[in-house]
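Written below as C-alpha coordinates is the structure these notes are about.
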Amino acid sequence: MLDWYGEHQRDLPWRRTCDPYAVWVSEIMLQQTRVDQVRPYYDRFMDRFPTVEHLGKASLEDVLKAWEGMGYYARARNLHRAARRVVDEHGGQIPDDPARISDLPGIGPYTAAAISSIAFGRDCPVVDGNVVRVLSRLFHLTDTPASSAARKRIDGLAGRLLARGRAGNFNQAMMELGAKICTPRKPRCGECPVNPFCEARKTLPDPAVLPRKKPRPQRPHHRVVAGIVRRNDEVLIVRRPTDGLLGGLWEFPGGIVGKGVDGETFLAEEMKNTLGIGIRVDRSVATLRHAFTHFEMTLQGYNCSHLQGVVRHRDGNECRWVRFEDLGRFAFPRAYRRLIEAAAKVREVREPAGST
DNA sequence: CTCCGGAGAC
DNA sequence: GTCTCCGGAG
(Lines give C-alpha, C1' and ligand atoms only; values in the text may rest on other atoms or scores of the structure.)
Protein backbone atom coordinates (compact mmCIF):
# COMPACT_ATOMS: atom_id res chain seq x y z
CA MET A 1 0.00 0.00 0.00
CA LEU A 2 2.78 2.40 0.91
CA ASP A 3 4.65 1.73 -2.31
CA TRP A 4 1.52 2.10 -4.35
CA TYR A 5 0.66 5.35 -2.59
CA GLY A 6 4.14 6.70 -3.11
CA GLU A 7 3.73 6.20 -6.79
CA HIS A 8 0.10 7.04 -7.37
CA GLN A 9 -0.87 9.69 -4.85
CA ARG A 10 -2.49 12.76 -6.29
CA ASP A 11 -0.65 16.02 -5.94
CA LEU A 12 -3.01 17.91 -3.66
CA PRO A 13 -2.23 21.28 -2.07
CA TRP A 14 -2.66 20.02 1.49
CA ARG A 15 -0.29 17.15 0.88
CA ARG A 16 2.58 19.51 0.23
CA THR A 17 2.79 20.38 3.90
CA CYS A 18 2.46 18.74 7.27
CA ASP A 19 1.38 21.97 8.95
CA PRO A 20 -1.29 20.75 11.39
CA TYR A 21 -3.49 23.74 10.61
CA ALA A 22 -3.39 23.05 6.89
CA VAL A 23 -4.17 19.39 7.46
CA TRP A 24 -7.00 20.36 9.77
CA VAL A 25 -8.60 22.78 7.34
CA SER A 26 -8.35 20.30 4.49
CA GLU A 27 -9.82 17.46 6.53
CA ILE A 28 -12.78 19.57 7.62
CA MET A 29 -13.42 20.61 4.04
CA LEU A 30 -13.08 17.00 2.89
CA GLN A 31 -15.87 15.94 5.23
CA GLN A 32 -18.78 15.04 2.99
CA THR A 33 -17.23 16.92 0.09
CA ARG A 34 -15.28 15.69 -2.93
CA VAL A 35 -11.64 16.52 -3.49
CA ASP A 36 -12.36 18.27 -6.78
CA GLN A 37 -14.82 20.60 -5.16
CA VAL A 38 -12.61 21.29 -2.16
CA ARG A 39 -9.43 22.21 -4.00
CA PRO A 40 -10.30 25.75 -5.11
CA TYR A 41 -11.96 26.51 -1.79
CA TYR A 42 -8.94 25.26 0.10
CA ASP A 43 -6.54 27.48 -1.79
CA ARG A 44 -8.67 30.56 -1.33
CA PHE A 45 -9.27 29.78 2.33
CA MET A 46 -5.60 29.29 3.15
CA ASP A 47 -4.80 32.42 1.26
CA ARG A 48 -7.29 34.39 3.30
CA PHE A 49 -6.62 32.66 6.64
CA PRO A 50 -3.01 31.41 6.48
CA THR A 51 -2.75 30.49 10.19
CA VAL A 52 -4.96 29.58 13.14
CA GLU A 53 -4.45 33.11 14.44
CA HIS A 54 -5.78 34.64 11.24
CA LEU A 55 -8.80 32.37 11.37
CA GLY A 56 -9.42 32.91 15.06
CA LYS A 57 -9.34 36.67 14.68
CA ALA A 58 -11.59 36.71 11.63
CA SER A 59 -15.32 37.36 11.89
CA LEU A 60 -17.78 34.53 11.40
CA GLU A 61 -19.16 36.60 8.56
CA ASP A 62 -15.87 36.44 6.68
CA VAL A 63 -15.41 32.75 7.34
CA LEU A 64 -18.88 31.94 6.07
CA LYS A 65 -18.22 34.04 3.00
CA ALA A 66 -15.11 32.01 2.29
CA TRP A 67 -17.14 28.84 2.79
CA GLU A 68 -20.03 29.96 0.62
CA GLY A 69 -21.13 27.24 -1.78
CA MET A 70 -19.58 24.27 -0.01
CA GLY A 71 -22.60 23.46 2.14
CA TYR A 72 -22.69 22.00 5.63
CA TYR A 73 -22.00 25.41 7.06
CA ALA A 74 -21.80 24.09 10.60
CA ARG A 75 -18.33 22.94 9.58
CA ALA A 76 -17.29 26.54 9.03
CA ARG A 77 -18.86 27.71 12.28
CA ASN A 78 -17.20 24.92 14.24
CA LEU A 79 -13.86 25.48 12.54
CA HIS A 80 -14.04 29.14 13.43
CA ARG A 81 -14.97 28.41 17.06
CA ALA A 82 -12.26 25.80 17.31
CA ALA A 83 -9.65 28.19 15.92
CA ARG A 84 -10.57 30.72 18.58
CA ARG A 85 -10.14 28.06 21.24
CA VAL A 86 -6.79 26.97 19.87
CA VAL A 87 -5.63 30.55 20.04
CA ASP A 88 -7.09 31.24 23.47
CA GLU A 89 -6.47 27.93 25.21
CA HIS A 90 -3.50 26.43 23.41
CA GLY A 91 -1.48 29.51 22.56
CA GLY A 92 -2.14 29.07 18.87
CA GLN A 93 -0.72 25.55 18.83
CA ILE A 94 -2.93 22.69 17.72
CA PRO A 95 -2.57 20.09 20.48
CA ASP A 96 -0.48 17.04 19.61
CA ASP A 97 -2.86 14.61 21.27
CA PRO A 98 -5.84 12.83 19.73
CA ALA A 99 -8.02 13.24 22.81
CA ARG A 100 -7.40 16.98 23.04
CA ILE A 101 -7.93 17.44 19.33
CA SER A 102 -11.25 15.63 19.62
CA ASP A 103 -12.37 18.13 22.22
CA LEU A 104 -12.44 20.85 19.61
CA PRO A 105 -15.80 21.52 17.99
CA GLY A 106 -16.24 19.89 14.61
CA ILE A 107 -13.50 17.34 15.21
CA GLY A 108 -14.76 13.79 15.71
CA PRO A 109 -13.00 10.45 15.57
CA TYR A 110 -12.19 10.65 11.86
CA THR A 111 -10.67 14.12 11.81
CA ALA A 112 -8.81 13.61 15.09
CA ALA A 113 -7.19 10.46 13.73
CA ALA A 114 -6.40 12.11 10.41
CA ILE A 115 -4.68 15.12 11.97
CA SER A 116 -2.89 12.98 14.54
CA SER A 117 -1.49 10.57 12.00
CA ILE A 118 -0.79 12.93 9.12
CA ALA A 119 0.44 16.01 10.96
CA PHE A 120 1.89 14.47 14.11
CA GLY A 121 2.87 10.99 12.99
CA ARG A 122 0.77 9.24 15.58
CA ASP A 123 -0.24 5.63 15.01
CA CYS A 124 -3.95 6.33 14.77
CA PRO A 125 -6.05 4.38 12.27
CA VAL A 126 -8.35 6.54 10.16
CA VAL A 127 -11.70 5.15 9.09
CA ASP A 128 -13.72 7.22 6.68
CA GLY A 129 -16.23 6.09 4.07
CA ASN A 130 -13.45 5.08 1.70
CA VAL A 131 -11.73 2.92 4.28
CA VAL A 132 -15.00 1.29 5.26
CA ARG A 133 -15.54 0.33 1.64
CA VAL A 134 -12.01 -0.97 1.13
CA LEU A 135 -12.06 -3.08 4.26
CA SER A 136 -15.58 -4.36 3.66
CA ARG A 137 -14.41 -5.76 0.34
CA LEU A 138 -10.96 -6.85 1.42
CA PHE A 139 -12.43 -8.94 4.23
CA HIS A 140 -15.78 -9.69 2.65
CA LEU A 141 -17.75 -8.04 5.45
CA THR A 142 -21.42 -8.62 4.74
CA ASP A 143 -23.04 -6.78 7.64
CA THR A 144 -23.96 -3.20 6.92
CA PRO A 145 -21.33 -0.88 8.44
CA ALA A 146 -24.26 1.13 9.71
CA SER A 147 -24.50 -1.28 12.61
CA SER A 148 -22.27 -0.49 15.53
CA ALA A 149 -20.96 -4.04 15.82
CA ALA A 150 -19.87 -4.15 12.19
CA ARG A 151 -18.36 -0.73 12.53
CA LYS A 152 -16.33 -1.79 15.54
CA ARG A 153 -15.01 -4.73 13.60
CA ILE A 154 -13.90 -2.42 10.81
CA ASP A 155 -12.20 -0.08 13.26
CA GLY A 156 -10.38 -3.06 14.72
CA LEU A 157 -9.18 -4.23 11.33
CA ALA A 158 -7.97 -0.76 10.45
CA GLY A 159 -5.97 -0.70 13.66
CA ARG A 160 -4.35 -4.05 13.03
CA LEU A 161 -3.47 -3.27 9.43
CA LEU A 162 -1.96 0.12 10.26
CA ALA A 163 1.67 0.52 9.23
CA ARG A 164 3.23 1.55 12.53
CA GLY A 165 5.46 4.53 12.25
CA ARG A 166 4.02 5.47 8.89
CA ALA A 167 0.41 5.87 9.84
CA GLY A 168 -0.06 9.14 8.00
CA ASN A 169 0.88 7.74 4.63
CA PHE A 170 -0.85 4.46 5.30
CA ASN A 171 -4.12 6.16 6.15
CA GLN A 172 -3.91 8.36 3.11
CA ALA A 173 -3.09 5.33 1.00
CA MET A 174 -6.24 3.57 2.21
CA MET A 175 -8.37 6.60 1.46
CA GLU A 176 -6.69 7.17 -1.88
CA LEU A 177 -7.32 3.55 -2.81
CA GLY A 178 -10.98 3.97 -1.95
CA ALA A 179 -11.18 7.18 -3.94
CA LYS A 180 -9.38 6.08 -7.09
CA ILE A 181 -9.43 2.28 -7.30
CA CYS A 182 -11.88 0.71 -4.88
CA THR A 183 -14.65 3.06 -5.92
CA PRO A 184 -18.29 2.65 -4.90
CA ARG A 185 -19.66 1.52 -8.28
CA LYS A 186 -17.09 0.18 -10.71
CA PRO A 187 -13.92 -0.68 -8.81
CA ARG A 188 -10.78 -0.99 -10.91
CA CYS A 189 -9.76 -4.28 -9.37
CA GLY A 190 -7.22 -4.90 -12.09
CA GLU A 191 -5.19 -1.92 -10.92
CA CYS A 192 -5.53 -2.63 -7.23
CA PRO A 193 -2.25 -3.24 -5.40
CA VAL A 194 -3.90 -5.54 -2.87
CA ASN A 195 -6.22 -7.45 -5.17
CA PRO A 196 -4.52 -10.82 -4.37
CA PHE A 197 -5.79 -10.43 -0.81
CA CYS A 198 -9.30 -9.28 -1.60
CA GLU A 199 -11.92 -11.72 -0.35
CA ALA A 200 -14.74 -9.95 -2.13
CA ARG A 201 -12.92 -10.27 -5.42
CA LYS A 202 -12.38 -13.98 -4.81
CA THR A 203 -15.89 -14.69 -3.66
CA LEU A 204 -18.28 -12.36 -5.41
CA PRO A 205 -19.15 -11.86 -9.06
CA ASP A 206 -19.30 -8.15 -8.30
CA PRO A 207 -17.31 -6.81 -5.34
CA ALA A 208 -19.22 -3.55 -5.64
CA VAL A 209 -22.19 -5.05 -3.82
CA LEU A 210 -20.14 -4.41 -0.68
CA PRO A 211 -20.41 -2.62 1.62
CA ARG A 212 -24.08 -3.32 2.06
CA LYS A 213 -25.99 -0.11 2.22
CA LYS A 214 -28.94 0.45 4.44
CA PRO A 215 -32.08 1.60 2.66
CA ARG A 216 -32.64 5.34 2.66
CA PRO A 217 -36.00 6.84 3.48
CA GLN A 218 -37.61 8.97 0.79
CA ARG A 219 -36.80 12.64 1.04
CA PRO A 220 -39.63 15.07 1.50
CA HIS A 221 -40.01 17.83 -1.04
CA HIS A 222 -40.53 21.45 -0.04
CA ARG A 223 -41.71 24.33 -2.13
CA VAL A 224 -40.01 27.55 -1.06
CA VAL A 225 -40.72 31.05 -2.30
CA ALA A 226 -38.47 34.07 -1.83
CA GLY A 227 -38.91 37.72 -2.67
CA ILE A 228 -36.24 40.02 -4.00
CA VAL A 229 -37.82 43.16 -2.63
CA ARG A 230 -36.70 46.39 -4.24
CA ARG A 231 -36.78 49.82 -2.69
CA ASN A 232 -35.25 52.38 -4.99
CA ASP A 233 -31.96 50.76 -6.00
CA GLU A 234 -31.63 48.47 -3.03
CA VAL A 235 -32.88 45.00 -2.18
CA LEU A 236 -33.75 43.44 1.15
CA ILE A 237 -31.78 40.56 2.63
CA VAL A 238 -32.31 38.73 5.90
CA ARG A 239 -29.81 36.77 7.91
CA ARG A 240 -30.70 33.29 9.11
CA PRO A 241 -30.26 32.43 12.78
CA THR A 242 -26.73 31.30 13.60
CA ASP A 243 -27.82 27.81 14.53
CA GLY A 244 -29.67 25.33 12.40
CA LEU A 245 -30.02 24.91 8.68
CA LEU A 246 -27.75 27.27 6.71
CA GLY A 247 -27.03 29.05 9.97
CA GLY A 248 -25.60 32.55 9.70
CA LEU A 249 -26.14 32.86 5.96
CA TRP A 250 -28.11 35.57 4.22
CA GLU A 251 -31.16 34.99 2.08
CA PHE A 252 -34.16 36.70 0.58
CA PRO A 253 -37.25 36.73 2.76
CA GLY A 254 -39.85 34.07 2.11
CA GLY A 255 -40.65 30.61 3.36
CA ILE A 256 -42.08 27.17 2.77
CA VAL A 257 -45.39 27.19 0.97
CA GLY A 258 -47.96 24.68 2.15
CA LYS A 259 -49.67 22.37 -0.29
CA GLY A 260 -52.45 23.97 -2.23
CA VAL A 261 -51.40 27.49 -1.22
CA ASP A 262 -50.75 30.20 -3.78
CA GLY A 263 -47.08 31.16 -3.74
CA GLU A 264 -47.45 34.84 -4.48
CA THR A 265 -50.20 35.35 -1.95
CA PHE A 266 -48.19 33.50 0.65
CA LEU A 267 -45.12 35.60 -0.06
CA ALA A 268 -46.91 38.91 0.47
CA GLU A 269 -48.56 37.53 3.59
CA GLU A 270 -45.24 36.29 4.93
CA MET A 271 -43.54 39.66 4.41
CA LYS A 272 -46.35 41.34 6.28
CA ASN A 273 -46.22 38.92 9.19
CA THR A 274 -42.48 38.44 9.51
CA LEU A 275 -41.11 41.82 8.49
CA GLY A 276 -44.08 44.14 8.88
CA ILE A 277 -43.87 45.48 5.34
CA GLY A 278 -46.28 45.64 2.47
CA ILE A 279 -45.00 44.51 -0.90
CA ARG A 280 -46.20 43.86 -4.39
CA VAL A 281 -45.15 40.72 -6.19
CA ASP A 282 -44.08 41.80 -9.67
CA ARG A 283 -42.86 38.78 -11.55
CA SER A 284 -41.27 35.38 -11.17
CA VAL A 285 -37.51 35.47 -11.69
CA ALA A 286 -36.57 31.81 -11.63
CA THR A 287 -37.55 28.41 -10.32
CA LEU A 288 -34.75 26.11 -9.32
CA ARG A 289 -34.30 22.88 -7.46
CA HIS A 290 -31.82 22.13 -4.75
CA ALA A 291 -31.15 18.91 -2.86
CA PHE A 292 -30.24 18.86 0.81
CA THR A 293 -29.28 15.74 2.72
CA HIS A 294 -32.72 15.12 4.08
CA PHE A 295 -35.06 16.93 1.78
CA GLU A 296 -35.34 18.56 -1.60
CA MET A 297 -36.65 21.99 -2.33
CA THR A 298 -37.94 23.92 -5.24
CA LEU A 299 -37.09 27.57 -4.83
CA GLN A 300 -39.11 30.11 -6.70
CA GLY A 301 -37.87 33.68 -6.62
CA TYR A 302 -39.95 36.76 -7.36
CA ASN A 303 -39.06 40.34 -8.02
CA CYS A 304 -41.09 42.44 -5.63
CA SER A 305 -41.58 46.11 -4.86
CA HIS A 306 -41.58 47.66 -1.46
CA LEU A 307 -44.89 49.45 -0.90
CA GLN A 308 -44.85 50.55 2.69
CA GLY A 309 -43.61 49.89 6.20
CA VAL A 310 -40.27 49.89 7.99
CA VAL A 311 -38.56 46.51 8.14
CA ARG A 312 -38.55 44.95 11.56
CA HIS A 313 -38.08 41.19 11.78
CA ARG A 314 -40.48 39.38 14.09
CA ASP A 315 -37.73 37.13 15.49
CA GLY A 316 -35.06 39.79 15.53
CA ASN A 317 -33.12 38.44 12.56
CA GLU A 318 -30.67 40.91 11.11
CA CYS A 319 -32.07 42.65 8.02
CA ARG A 320 -30.34 44.91 5.50
CA TRP A 321 -31.10 46.91 2.43
CA VAL A 322 -28.18 46.56 0.07
CA ARG A 323 -27.40 47.50 -3.49
CA PHE A 324 -27.92 44.61 -5.86
CA GLU A 325 -24.31 44.90 -6.98
CA ASP A 326 -23.15 44.40 -3.40
CA LEU A 327 -24.90 41.07 -2.87
CA GLY A 328 -21.61 39.40 -3.73
CA ARG A 329 -20.18 40.52 -0.40
CA PHE A 330 -22.62 38.44 1.61
CA ALA A 331 -22.64 34.70 2.11
CA PHE A 332 -25.69 33.08 0.53
CA PRO A 333 -26.73 29.45 0.29
CA ARG A 334 -26.04 27.97 -3.13
CA ALA A 335 -29.64 28.01 -4.26
CA TYR A 336 -29.99 31.70 -3.45
CA ARG A 337 -26.72 32.49 -5.19
CA ARG A 338 -28.15 30.91 -8.30
CA LEU A 339 -31.30 32.93 -7.85
CA ILE A 340 -29.20 36.08 -7.71
CA GLU A 341 -27.55 35.12 -10.98
CA ALA A 342 -30.93 34.60 -12.57
CA ALA A 343 -32.15 37.93 -11.23
CA ALA A 344 -29.07 39.67 -12.58
CA LYS A 345 -29.87 38.42 -16.07
CA VAL A 346 -33.42 39.70 -15.81
CA ARG A 347 -32.05 43.07 -14.78
CA GLU A 348 -29.65 43.19 -17.70
CA VAL A 349 -32.47 42.78 -20.12
CA ARG A 350 -34.58 45.44 -18.50
CA GLU A 351 -31.84 47.85 -17.49
CA PRO A 352 -28.74 47.32 -19.62
CA ALA A 353 -25.56 48.49 -17.94
CA GLY A 354 -25.04 52.21 -18.45
CA SER A 355 -28.63 52.85 -19.41
CA THR A 356 -29.13 55.22 -16.49
C1' DC B 1 -27.65 10.69 36.84
C1' DT B 2 -23.95 9.59 33.43
C1' DC B 3 -23.15 6.58 29.56
C1' DC B 4 -23.98 4.38 25.22
C1' DG B 5 -26.37 3.31 20.77
C1' DG B 6 -29.58 4.64 17.29
C1' DA B 7 -31.63 8.23 14.42
C1' DG B 8 -32.00 12.27 12.18
C1' DA B 9 -30.24 16.91 11.22
C1' DC B 10 -26.78 19.62 9.15
C1' DG C 1 -18.29 13.24 9.22
C1' DT C 2 -20.03 15.48 13.37
C1' DC C 3 -23.48 17.01 16.45
C1' DT C 4 -27.64 16.69 19.05
C1' DC C 5 -31.39 14.59 20.92
C1' DC C 6 -33.55 10.73 23.11
C1' DG C 7 -34.68 6.39 25.13
C1' DG C 8 -32.74 2.50 27.53
C1' DA C 9 -28.93 0.79 30.51
C1' DG C 10 -26.21 0.52 34.62
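Every chain is numbered from 1, with letters handed out A, B, ... down the list of sequences.
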TODO: Check every strand shown and say whether Leu30(A) touches a base, only sugar-phosphate, or nothing at a heavy-atom separation below 4.0 Å.
DONE: nothing
- [ ] Just jot down the salt bridge (Lys or Arg N to Asp or Glu O under 4.0 Å) partners of Glu296(A), sequence neighbours excluded, or say none.
- [x] Arg289(A)
- [ ] May I ask you to list the residues of residues 171-181 of chain A, by number, that have any heavy atom positioned under 4.0 Å from an atom of DNA chain C?
- [x] none
Task: For His221(A), all residues meeting ring pair (Phe, Tyr, Trp, His ring centres under 6.0 Å), sequence neighbours excluded - done: none
Open item on the list: Checking Tyr42(A) now: which residues fulfil ring pair (Phe, Tyr, Trp, His ring centres under 6.0 Å) with it, not counting sequence neighbours?
Closed with: Trp14(A)
Open item on the list: Suppose we screen for ring pair (Phe, Tyr, Trp, His ring centres under 6.0 Å). Which residues come up paired with Phe295(A), at least two apart in sequence or across chains?
Closed with: His222(A), Phe292(A)
TODO: State which residues pass salt bridge (Lys or Arg N to Asp or Glu O under 4.0 Å) with Arg85(A); sequence neighbours excluded, sorted by chain then number.
DONE: Glu89(A)
- [ ] Indicate the ring-plane relationship of Phe252(A) and Tyr336(A), choosing parallel, tilted or perpendicular according to the 30° and 60° boundaries.
- [x] tilted
Distances under 3.5 Å between nitrogen or oxygen atoms of protein and nucleotides 8-10 of chain C:
none

Task: Between C1' of dC3(C) and CD1 of Ile28(A), the distance in whole Å - done: 12 Å
Task: Contacts of type ring pair (Phe, Tyr, Trp, His ring centres under 6.0 Å), residue Phe170(A), not counting sequence neighbours - done: none
Open item on the list: Holding to salt bridge (Lys or Arg N to Asp or Glu O under 4.0 Å), I want the full list of residues that pass it with Arg337(A), two or more places apart in sequence or in another chain.
Closed with: Glu68(A)
Open item on the list: Going by the rule side-chain contact (heavy atoms from CB on, under 4.5 Å), which residues pair with Tyr72(A) if we only count those two or more places apart in sequence or in a different chain?
Closed with: Gln32(A), Arg75(A), Thr293(A)
- [ ] Please report, rounded to the nearest Å, how far the C1' atom of dT4(C) is from the CG atom of Asp243(A).
- [x] 11 Å
Open item on the list: Distance check needed: dT4(C) P versus Ile107(A) CD1, whole Å only.
Closed with: 14 Å
For residues 17-25 of chain A, which side-chain donor-acceptor pairs fall under 3.5 Å, sequence neighbours excluded?
from     : atom 1 : to       : atom 2 : distance (Å)
Thr17(A) : OG1    : Asp19(A) : N      : 2.8
Asp19(A) : OD1    : Tyr21(A) : N      : 3.2
Tyr21(A) : OH     : Phe49(A) : O      : 2.7

Task: Base-contact (B) and sugar-phosphate-only (S) positions in nucleotides 3-10 of chain B, heavy-atom cut-off under 4.0 Å, - elsewhere - done: --SS--BB
